[in-house]
Structure formats: C-alpha cells, structure tokens
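Chain identifiers are assigned alphabetically (A, B, ...) following the order of the sequence lines, protein sequences preceding nucleic acid strands; residue numbering begins at 1 within each chain.
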Amino acid sequence: MAQGDFPLLVERSAPGRIGAAVPQSDVPEVPLEQILPSAQLRGGPPPLPEVSEPDLVRHYTQLSQRNYAVDIGFYPLGSCTMKYNPKINEDAARLPGFARLHPYAPDALAQGALRLLSELETALAEISGMDGMTFQPAAGAHGELTALLMIRTYFADRGEARTRVIVPDSAHGTNPASARMCGYDVVQVRSDARGNIDADVLRQVADERAAALMLTNPNTLGLFEERITEVEEIMHGCGAQIYLDGANFNAVLGITRPGDQGFDVMHMNLHKTFSTPHGGGGPGAGPVAVKSHLLPYLPVPVVVREGERFRLDYDRPQSIGKIRSFYGNFGVLVRAYTYIRTFGPLLRQIAEAAVLNANYLLALLRPAFDLPYDRHCMHEFVLAGTRQQREHGVTTRDMAKRLLDYGYHAPTIYFPLIVEEAMMIEPTETESRETIEAFARGLLAIAEECRTNPDVVRSAPHTTVVSRLDEVTAARRPDLHWPIADY
Amino acid sequence: MTAWVPHKYIPLTPQDREHMLRVIGAASVDDLFADIPRSVRLLRDLHLPPAPSDAELLRELGEMSARNGDADRYACFLGAGAYDHFIPSVVWHLSGRAEFYTAYTPYQAEMMQGELQAAYEYQSMLCTLTGMDVANASMYDGASATAEATVMARDLTRRDQILLSAAVHPEYRQVVRTYTRHLGMEVVDLAHRDGTTPLDRVSDSLSERTAALVVQHPNFFGGLEEVQALAAAAHAAGALLIVSVADPVAYALLKPPGALDADIVAGEGQPLGNPLNYGGPYLGMLATRQAFVRRVPGRLVGRAVDMQGRRGFVLTLQTREQHIRREKATSNICTNEALNALAAAIYMAALGRRGMRQVAEVCARKAHYARERLRRIRGFEVAFPGPTFHEFVLRCPLPPEEINRRLLDAEILGGLPLGRFYPELADGWLVCVTESRTRQDIDRLAAALEEMV
C-alpha cells in the first residue's frame with residue numbers, strides 16, 4: 001500500500017482476527033475423515049482476510065463514503081432513471097415472510113408471495129396494456145433475450161423460418177447483443193432527421209425474413225416515435241413481431257400504453273421505472289409482458305389464480321422453458337409492488353413530472369450546447385458537446401469529469417452512438433426545481449470554463465478521492481484481484 | 001381525469017410547474033406529449049386501486065408476509081439451490097447503506113471508488129474460495145451463469161456440443177437448454193450412476209465435438225464428483241470442464257475446483273450472505289483461468305492508478321461488453337447483481353479464513369448426523385452410497401410430498417421431493433442440513449418421521 005492509498009480489506013487483516021461469531025457443532029463429534037474422504041478435503045482454510053467486526057464495519061462504511069448515490073445527490077444518468085428509492089419499499093422486502101421464504105416452499109406455504117405476484121401482474125398488465133407476463137428475467141437485457149426466445153418459438157410453431165431482428169441505430173447495445181444470443185442476424189435501420197426510426201428505410205427491410213423489430217419508445221434520444229402507428233403497420237404487415245425495450249417507460253406511465261401502440265411484447269425495467277434500487281449495478285428485474293398470442297410461450301412457471309388460491313403452473317407445453325432458476329428477483333418485485341400501490345392511478349403524475357423536469361432542464365441548457373434534434377423531449381434529452389470540442393478542444397468526457405467536481409454524477413456520455421460527443425441527461429420526477437436549476441448553473445459554468453480555462457476541465461476531476469484513472473494501462477495489464485496466498 | 005395531487009416522491013409545486021412551462025414555452029404539461037399520436041393516448045385513469053396510507057399498506061404487506069411459511073417459523077430442511085445459512089448482522093447493515101444500494105453501475109470511476117473497490121475485493125475473495133485465476137463482478141444467478149459458461153466454452157473451443165451431467169441442478173439444466181437452443185449447440189444429458197457422474201460414461205461420450213463437460217460439485221444430490229479425473233478426461237478430448245456449484249461455502253472445506261483443474265466455475269452465490277428471498281435476487285458467480293479472461297461475460301473490475309500514482313479501481317476490458325461491441329459482445333448482460341456480490345464479499349470477510357471453514361465443517365457434521373439418524377428409521381434408506389456435503393437423498397416409505405405435508409404440523413419444512421425432476425426417484429427426498437439447524441431440529445424431524453411409519 002503506497003502513501004495516499006485507501007487500504008484494501010486484505011491490508012487490514014491479521015492472523016487470528018475474526019469478524020463474526022463462529023457457529024459450533026452441537027452433534028456428537030466424529031472425525032472429519034469419517035464424513036468426507038481426506039482426498040477431497042482442502043489442505044487448510046481458504047486464505048481469506050481476517051478482520052474484526054469493528055474494522056470490517058469501518059472498512060465498508062468508509063468505502064460507502066467513497067461512493068456517490070441517489071440518496072446523496074442528483075444523478076442524471078440518462079437511460080437509467082435514477083429516481084429516488086422509497087424507504088417503505090425496503091421495509092416491505094425485508095418482511096420475514098418474503099425475505100426468509102424458501103423458493104421450494106410448497107404453494108400452500110407461499111400464498112402471500114403468490115398473491116403479491118398475481119396482483120403485481122394485474123397492475124403491470126393494466127399499466128402496459130398487455131395480457132400477461134413472466135417475472136423470471138433478472139434485468140432488462142435478460143428480458144430482451146427471453147422475449148426473443150419466445151418470438152423465435154412462436155414462429156417455429158407456425159412453420160416460419162424468420163432469421164432477422166431489426167434494430168434502429170439509436171438502440172441500446174443490449175438489443176443487438178440479445179438478438180445474437182438468440183441466433184438472429186441483426187439488421188440496423190438508421191434514424192431520420194427528426195430522430196425517429198426512418199420508416200421509409202424500415203419498409204425496405206421489413207419482409208418475410210424479419211422476425212421482430214426491437215424498438216425503444218420513447219427512444220434513446222428521449223423522443224417519442226412520432227410515426228409509431230406507421231411502424232406498427234409496416235412490421236405487422238410483413239408478419240413480424242414488435243418488441244418494446246421498456247427502458248424509457250417512465251416517460252409515458254398512464255399517458256400511453258405499449259399494448260395500445262401495437263407492441264406484441266415488451267420488457268419493463270422495474271429498477272428504473274418502478275423505483276427499485278439499482279444496487280450499484282443490480283439487482284434489477286426485467287419482467288416480460290406479452291399479448292395473448294404469446295402467452296403460451298412464457299417461461300415456466302406462471303402464477304395462476306383460482307378464486308382466492310394461487311399456484312405455480314408448470315404444465316405449459318409450448319413454454320420456452322426456464323430462463324433462470326425459480327421465479328425471478330422476488331425481492332425486487334416486492335419493492336415494485338409497494339411502489340405502485342403508493343401511487344395507484346396517480347402513476348401518471350410520475351410521467352408528467354419527469355417530462356416537465358426534462359424539458360425545463362433542456363430549456364436552461366440549450367443556449368450553451370448543440371441540440372441535434374430540436375423537439376420537446378420526453379423524460380430525457382441528448383445534447384452534443386461538439387461546440388466545446390471543436391472550439392476549445394474539450395470533450396464531453398472532460399465535461400462529465402468536471403461535473404464530479406461540482407458534486408454531481410455525470411450524465412450518460414457517448415451514447416446514443418449516432419450523436420457525436422453525446423450527453424444524455426435524465427433528471428427524473430423526484431428532483432425539485434431548485435436541484436435542476438443548480439445543476440444547470442453548474443453545467444453552464446463548465447461550458448464557460450471550456451472557453452476561459454479549458455485545462456481545468458481537461459484535467460478534471462480535482463476534488464474526488466482519486467484523480468483521473470489510467471484505464472488504458474488497466475486494460476492492457478489487467479489486475480483483477482489482490483495477490484492470493486497458496487490455498 | 002384525476003387532477004394533480006401532491007405526492008411525497010414528487011417535489012414540484014403548482015407554482016414550479018407554471019414557471020417551468022413558461023420557461024419551456026409550452027401552454028400545458030399535456031402539450032409536452034404532443035408527439036404522441038392521439039390514437040394511442042390513454043384517455044382515462046389507470047384502473048388501479050387508489051393509494052392506501054403507508055400504515056395501511058404496511059399492514060396489508062405484513063398480512064401477505066404472514067401468510068407465508070418462512071424459515072423463521074419452520075425448521076427448514078430444504079436446500080436444492082437455495083440455502084438457509086445464518087447471515088451475520090453486519091452483512092445487510094453495511095450492504096444496506098444507501099451510498100451502495102442507491103448507486104448504479106460505476107461508470108464514473110473517480111466518484112465510485114467505494115463500489116469499485118468492493119467489487120475488486122469480491123473478485124479477490126471469490127478467486128480465493130474457488131481457487132480460480134479470475135472472477136467477474138457478478139451474473140444473475142447460478143442457472144444463468146452456468147448457461148453463460150457453456151456459451152463461453154463454445155466460443156473458446158469453437159465446438160458446439162455440451163455434455164451435461166444429470167446430477168447438475170435440474171433448473172440449471174433447463175436454463176442451459178433455453179440459452180443454447182438457437183445457437184446451433186447440442187446438449188447431451190449424461191445419466192448419473194448412484195448419484196454421481198460416471199467417468200466411464202463421460203469418456204465414452206466425449207468427442208472432438210465436445211466443447212465442455214458440465215458437472216456440479218457438490219452435486220444436486222449432495223454428492224462429491226471426481227472433479228480432477230473428469231477434468232483429465234475432458235482435457236484429453238480437447239474439451240473444457242465447467243464446474244457448477246450451488247453452495248460455494250463447500251469450497252472452504254473441500255478442495256476447490258481451481259485445484260482440481262476446472263476451467264470455468266459457474267454457480268450460485270446466494271449462500272454467501274444473501275437471504276432466501278423466495279428465489280431472488282440471488283448472485284451468479286463466474287470464475288475462470290487467466291488465459292480465458294477476454295471471453296468472460298459481464299463486468300470486470302481492475303486495479304488502476306490515477307494521475308498522482310494513487311491506487312484506484314475501474315471497470316476494465318470493456319471491449320468484451322455489449323455497450324461497446326453490440327452484437328459481437330461476449331454476452332448481452334448489463335445490469336448484474338452487484339449488491340448481492342457486495343453482500344457476499346462482506347459475508348466472506350466477516351467470517352474470514354477460519355469462520356468460512358467452520359461454517360462448512362459444521363454443515364458437514366450436522367448433515368452427517370442427520371443422515372445417520374434418519375437412515376435408521378424404519379423404511380428410510382440412503383439412496384446413494386457415496387459421501388455427501390450438506391445434502392443427501394433418502395428413499396422414503398411414504399410419498400415425500402405426503403411426508404412434507406405431515407411435517408408442517410410439526411413446523412418443519414421437509415426436503416425436496418425428487419419425483420418432479422427425476423421420475424425414477426419418485427420416493428427420493430433431498431434433505432439439506434446447514435449450520436442453522438440444531439441437533440434438536442434434527443431430532444424433532446427424526447421423531448416426526450418415526451411417528452409416521
């Protein structure tokens with residue numbers, strides 16, 4: 001450990017320390033070799049760190065202080081919907097009947113959990129305009145894969161060998177990656193001058209080879225697909241399915257429903273729209289909702305309600321099978337359920353406030369930055385730092401790093417790929433007018449610094465616990481764990 | 001439609017909204033949605049029950065929770081991929097800190113050193129436990145991690161066949177099939193013999209088409225595989241050995257797969273400090289050899305230095321990932337199970353070298369005691385002769401489902417009836433004993449069974 005380094009856990013370790021009460025055996029003592037063959041036994045304990053409980057608590061508490069989070073401040077990370085995560089949801093998920101329930105507990109002992117799943121399904125079906133869903137996918141990308149597997153099986157059952165999935169050039173990287181994991185070829189369609197998928201180009205590639213269009217709506221530019229009904233006609237006209245990447249569902253809750261827009265299948269990111277904590281990168285949940293013609297293909301099991309009784313149904317011969325063990329990220333589902341209950345029909349206000357906040361922030365920032373698509377945005381918008389790059393040699397990445405000095409998390413940068421020097425900003429509905437104005441003042445001040453003192457931006461951040469890190473060397477000579485003593 | 005109602009999660013006041021609309025230059029909030037064609041607008045309120053008060057809502061949730069038979073109320077002898085290990089209080093007091101759980105993927109490394117260092121430490125401890133060279137920052141769960149490992153093996157070997165032992169968790173096997181179905185891969189099931197994967201059958205099945213052999217260790221029946229011999233057989237055929245694991249606590253006591261020549265370890269990290277949660281969120285683990293690091297799916301955290309030469313941590317080797325490589329990525333995974341990996345790290349750190357060994361040893365001792373105690377009950381016999389870690393299969397004189405039903409009266413959650421996965425084991429009952437079960441629990445179970453026969 002060099003001077004100025006924050007210690008690694010292993011550097012706090014000393015032989016003989018322990019951070020938890022060790023369980024004792026209360027059964028009659030038998031030599032271990034009578035239980036397990038000595039050839040199978042590890043030579044000694046695994047060389048894990050040895051740290052006392054107080055030191056352990058300080059280590060992780062100090063690490064937490066070297067982090068940034070929604071509970072600390074504004075986190076306008078576009079596409080990720082970093083809204084406030086209500087505390088009551090945490091209390092709900094920690095109830096022992098949920099947190100301490102074994103997944104193979106018989107249905108008779110899981111009636112409360114199954115009821116919650118059933119009611120959550122009913123609520124999300126109403127919100128999305130779809131007919132049924134699976135909760136198994138653990139995240140959005142997992143939901144994409146699940147949906148494409150269902151589409152593929154659906155077409156196989158109809159004797160149609162469709163081989164292509166169409167994605168717009170503004171799509172999340174997960175879309176083409178999921179299509180490949182399902183064995184599809186990816187066809188990319190460009191966006192038009194207003195930031196919509198180019199319907200005329202789409203028409204040319206929409207044929208009997210197309211299995212599905214994967215569309216994000218509002219799209220990753222933060223714009224609603226104005227020609228959605230035309231897109232729907234084109235795709236259904238060639239017999240393909242339309243899939244909604246629901247990453248941006250927050251913008252339209254209660255305003256418009258994907259099912260009414262003609263989507264056949266969609267995933268929802270409960271960790272975005274429905275406010276379950278992002279956990280530093282997960283867990284999320286990516287339930288997939290479908291129209292009735294795809295219901296038979298849902299993964300097993302599904303929850304079935306019979307009067308006031310609930311059960312898990314595995315007897316579904318057309319199902320794609322299982323996409324993960326058990327029933328999904330149940331603890332996340334409990335939080336999403338609680339969240340929906342705390343709004344009821346007022347969910348619509350989430351979308352209204354999110355869109356209002358985004359348009360207000362856009363209005364405050366637009367004088368200083370380039371705006372590639374000049375329309376009312378939905379819940380987020382994409383600016384370009386091309387002016388700063390061209391005139392002052394300061395990149396969007398530099399400005400993002402400088403924002404850290406102002407005490408904010410940076411927006412999503414360099415995505416979507418179709419916007420040069422992109423800066424994707426999503427304020428969410430849980431931010432106050434004052435917060436949005438303060439952030440705007442900060443980013444405008446940075447735009448000014450690009451002119452007056454570009455070096456301070458280019459060498460940012462200056463106030464974080466470490467300065468800019470050398471990612472190139474880190475990737476060239478990967479060091480992925482501390483030195484490990486021989487086991 | 002319902003007029004605007006103040007809500008505790010939305011700070012905007014009517015005055016704010018008016019001011020903001022004026023600055024935007026829009027007449028109403030509705031104007032902002034003008035790009036949405038009228039024909040697809042929802043022109044009514046959502047049909048959802050109106051929000052109850054928080055007190056009412058918590059009472060309702062409490063009632064739902066109380067209708068479940070959790071492992072606090074019932075002595076739990078269920079395992080089969082989800083394990084009731086004791087979780088020290090520090091684990092969720094620390095991973096439950098909002099600085100961790102209300103953050104996201106650490107895209108801005110300089111501001112997210114806490115999370116990045118914690119992930120690096122998790123990778124370090126997972127390598128220590130499994131004996132592997134590199135571990136990723138997490139996957140979804142044991143089943144999907146095992147499935148991703150088979151796809152990784154295909155890419156590494158450029159072969160398309162997977163040999164899958166029937167002693168691997170049945171749900172993991174189902175997920176492997178789902179993941180590989182449209183990738184031109186063939187999955188061949190290898191029947192078990194007496195509850196383990198038979199080496200001769202493996203050798204007969206391996207060919208120049210085989211990308212990987214997949215076994216679970218300890219396996220689904222609780223038995224121990226001959227991992228080193230299986231690895232040697234796979235390697236002789238040019239294939240990889242994937243070791244799946246449902247409870248990595250075992251490796252604190254058993255030789256880890258890395259010491260037994262495994263190429264990829266994929267499995268479930270729930271037993272490391274994560275609650276049962278009715279099946280999720282859990283923690284997918286994936287660890288492998290250094291040489292394979294550029295084919296690893298998911299996020300990796302690496303050590304770096306800053307401009308002053310100080311130690312720091314970054315997401316690294318990102319050119320494997322979907323946000324850079326799109327359809328050429330090693331996987332589509334983006335959001336993972338970072339918080340569950342954090343809990344696993346704190347769990348391993350709290351127990352440490354001696355504690356982890358002790359948990360594993362106490363599990364093995366108590367399970368052994370239970371196995372010997374239950375097998376003496378008339379009509380019950382141990383299904384498979386080999387040694388077991390903390391789970392074992394009994395053959396029962398009554399249908400296991402019936403036994404479980406009757407055990408509920410004694411507030412005991414019995415083992416898993418195996419008939420649903422193995423028709424030939426319809427009288428098979430997979431019993432798990434972790435360190436959380438007391439001798440008294442085990443004796444109570446034995447007494448209840450004695451009364452039944």
Side-chain angles (χ1 to χ4, degrees), chain A residues 5 19-20 22-23 25-27 35 45 48 50 60 63-64 66-71 95 97 99-101 103 109 111-112 138-139 141 173 176-178 180 183 186 224 261 277-284 321-322 325-326 329-331 344-345 360 432-433 464 466-467 469 474 479 481-482, chain B residues 11 16 20 35 45 50-51 64-65 67-71 88 94 97-99 101-105 110-111 113-115 124 140 143 171 174 178 182 275 277-281 302-304 306-307 311-312 322-323 326-327 329 332 335-339 350 352-353 357-358 365 368-369 435 439:
Chain A
D5 285 356
V22 176
S25 171
D26 58 358
V27 298
I35 299 174
L48 291 164
E50 297 174 80
Y60 282 100
L63 280 182
S64 79
R66 294 165 70 83
N67 228 29
Y68 190 81
V70 174
D71 275 11
L95 289 169
R100 296 273 293 133
L101 182 59
L109 283 196
Q111 285 299 301
S178 300
R180 281 304 300 158
V186 178
F224 195 87
Q261 293 166 33
H278 285 67
K322 288 192 71 67
S325 57
F326 311 119
N329 281 345
F330 178 75
Y360 183 55
S432 68
R433 174 181 156 194
T464 44
V466 291
S467 61
L469 290 154
D479 170 350
H481 61 72
W482 61 50
Chain B
D16 288 336
M20 292 161 78
D35 284 349
D45 281 335
M64 273 199 260
S65 159
R67 288 177 57 83
N68 297 326
D70 59 70
L94 293 173
R97 286 186 66 88
E99 296 89 335
Y101 84 76
T102 74
Y104 200 19
T105 307
E110 297 82 2
M111 193 175 229
Q113 283 301 297
E115 198 179 311
S124 300
Y140 304 134
E171 296 207 17
Q174 288 172 2
T178 310
H182 303 293
N277 277 334
Y278 199 45
R303 191 190 293 225
D306 76 355
M307 288 161 76
R311 177 168 67 197
Q322 47 76 29
H323 60 286
R326 299 174 79 82
E327 65 265 35
N332 68 340
T335 288
N336 54 21
E337 309 290 309
L339 194 70
R353 180 176 174 276
R357 174 73 162 211
Q358 182 72 6
R365 288 185 182 285
H368 180 76
Y369 171 77
E435 84 287 0
R439 177 178 178 173

Practice item. Would you check if A:Leu469 and B:Gln113 make a side-chain contact, meaning some heavy-atom pair closer than 4.5 Å? Key: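 Side chain of A:Leu469 against side chain of B:Gln113, heavy atoms only: contact under 4.5 Å found.
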Using a 4.5 angstrom heavy-atom cutoff, name the option from [options] with the most pairs to chain A.
| options | result |
| --- | --- |
| B:Glu171, B:Glu115, B:Arg311 | B:Arg311 |
| B:Leu94, B:Leu339, B:Thr102 | B:Thr102 |
| B:Asp70, B:Asn68, B:Asn336, B:Thr178 | B:Asn68 |
| B:Pro88, B:Gly352, B:Ala350 | B:Ala350 |
| B:Gly69, B:Pro275, B:Ala103 | B:Ala103 |
| B:Arg97, B:Arg365, B:His368, B:His323 | B:Arg365 |

Check your understanding: Who are the ring pair (Phe, Tyr, Trp, His ring centres under 6.0 Å) partners of A:Tyr360, not counting sequence neighbours?
Key -> B:His19
Review point. By ring pair (Phe, Tyr, Trp, His ring centres under 6.0 Å), which residues pair with B:Tyr101, not counting sequence neighbours?
Key: none
Exercise for review: Heavy-atom distances under 4.5 Å only: say whether B:Gln174 touches chain A with side chain, backbone, both or neither.
Suggested key: both
Review point. What part of B:Tyr369 lies closer than 4.5 angstrom to a heavy atom of chain A: side chain, backbone, both or neither?
Key: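 For B:Tyr369, the contact with chain A is made by the side chain alone.
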**Study point:** Residue part contacting chain B, namely of A:Val186, when any heavy atom lies under 4.5 Å
**Key:**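 Contact with chain B is through the side chain of A:Val186 alone.
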**Study point:** Contacting region of A:Gln261 [heavy-atom separation from chain B under 4.5 Å]
**Key:** both
State the [atom1]-[atom2] distance between [X] and [Y], to the nearest 0.5 angstrom.
| X | Y | atom1 | atom2 | result |
| --- | --- | --- | --- | --- |
| B:Glu99 | A:Ser64 | CD | OG | 4.0 Å |
| B:Asn332 | A:Arg180 | CG | CZ | 12.5 Å |
| B:Arg353 | A:Glu50 | CZ | CD | 5.0 Å |
| A:Asp26 | B:Arg439 | CG | CZ | 7.5 Å |
| A:Asn329 | B:Glu337 | CG | CD | 5.0 Å |
| B:Arg303 | A:His481 | CZ | NE2 | 10.5 Å |

I'd like to know which of [options] tops the heavy-atom pair count under 4.5 Å against chain B.
| options | answer |
| --- | --- |
| A:Pro345, A:Ala177, A:Gly280 | A:Gly280 |
| A:Gly331, A:Ala138, A:Pro283, A:Ser432 | A:Pro283 |
| A:Asp71, A:Asp5, A:Leu63, A:Asn67 | A:Asn67 |

Which heavy atom of [X] sits nearest to which heavy atom of [Y], and what is that distance?
| X | Y | result |
| --- | --- | --- |
| B:Ser65 | A:Gly97 | OG-N, 2.9 Å |
| A:Ser325 | B:Ala143 | N-CB, 3.7 Å |
| B:Tyr140 | A:Ala139 | CE2-CB, 3.7 Å |
| A:Val22 | B:Gln358 | CG1-CG, 2.6 Å |
| A:Phe224 | B:Asp35 | CD2-O, 3.7 Å |
| B:Met307 | A:Ser467 | N-OG, 3.1 Å |

